[in-house]
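Just below is one structure, and these are the notes that go with it.
No hydrogens, no waters, no symmetry mates; every other heavy atom, side chains included, goes into these values.
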Amino acid sequence: MEKVTLNNREQKRLLVLNEVLAGRTTGQEGTEMISLSLCHTRRLLAVYRRTGAAGLAQGNCERRQAGGSR
């Protein structure tokens, strides 16, 4: 299993998505908790179901910043 590091925002999203998937909160309530649109929350849920927590991690965390020195 690959190790995934999530920042604070991603950890909060993971907790809220788990609550939604468990049925303890609605999708609308979850969107308000993580300050996203319902559409974006549904996209995150789909990615989370498909790839797990790794899908919530920032995609460019290991890349060099664009426009830096060459």
Side-chain angles (χ1 to χ4, degrees):
M1 181 181 284
E2 181 181 336
K3 182 178 178 182
V4 177
T5 303
L6 300 175
N7 63 31
N8 289 338
R9 182 185 69 185
E10 294 160 348
Q11 289 176 12
K12 183 174 182 180
R13 287 179 178 181
L14 178 61
L15 291 172
V16 170
L17 293 177
N18 280 326
E19 292 295 310
V20 172
L21 288 174
R24 290 188 286 266
T25 187
T26 66
Q28 185 61 46
E29 291 169 340
T31 62
E32 294 169 7
M33 287 184 226
I34 53 179
S35 301
L36 294 175
S37 69
L38 184 57
C39 185
H40 191 81
T41 303
R42 287 179 179 160
R43 281 195 300 269
L44 286 177
L45 276 169
V47 168
Y48 180 49
R49 284 185 186 120
R50 224 176 21 255
T51 62
L56 302 178
Q58 177 67 30
N60 63 353
C61 62
E62 295 182 11
R63 295 185 200 150
R64 284 184 38 181
Q65 187 174 1
S69 61
R70 296 179 183 162

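Here the CZ atom belonging to Arg43 is positioned 6.0 Å from the OG atom belonging to Ser37, to the nearest 0.5 angstrom. Residue Arg42 holds its CZ atom at 13.0 Å from CG of Leu36, rounded to the nearest 0.5 Å.
In this structure, the side chain of Lys12 engages the main chain of Met33 through a donor-acceptor pair within 3.5 Å.
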Show me the donor-acceptor pairs within less than 3.5 Å that the side chains of residues 13-25 make with the rest of the protein, sequence neighbours left out.
{"unit_1": "Asn18", "atom_1": "OD1", "unit_2": "Tyr48", "atom_2": "OH", "d": "2.7"}
{"unit_1": "Asn18", "atom_1": "ND2", "unit_2": "Leu14", "atom_2": "O", "d": "3.2"}
{"unit_1": "Glu19", "atom_1": "OE1", "unit_2": "Arg24", "atom_2": "NE", "d": "3.0"}
{"unit_1": "Glu19", "atom_1": "OE2", "unit_2": "Arg24", "atom_2": "NE", "d": "3.4"}
{"unit_1": "Glu19", "atom_1": "OE2", "unit_2": "Arg24", "atom_2": "NH2", "d": "3.3"}
{"unit_1": "Thr25", "atom_1": "OG1", "unit_2": "Glu29", "atom_2": "OE1", "d": "2.7"}

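When all heavy atoms of Ala54 and Val4 are compared, the closest pair comes out as CB-CG2, 3.7 Å.
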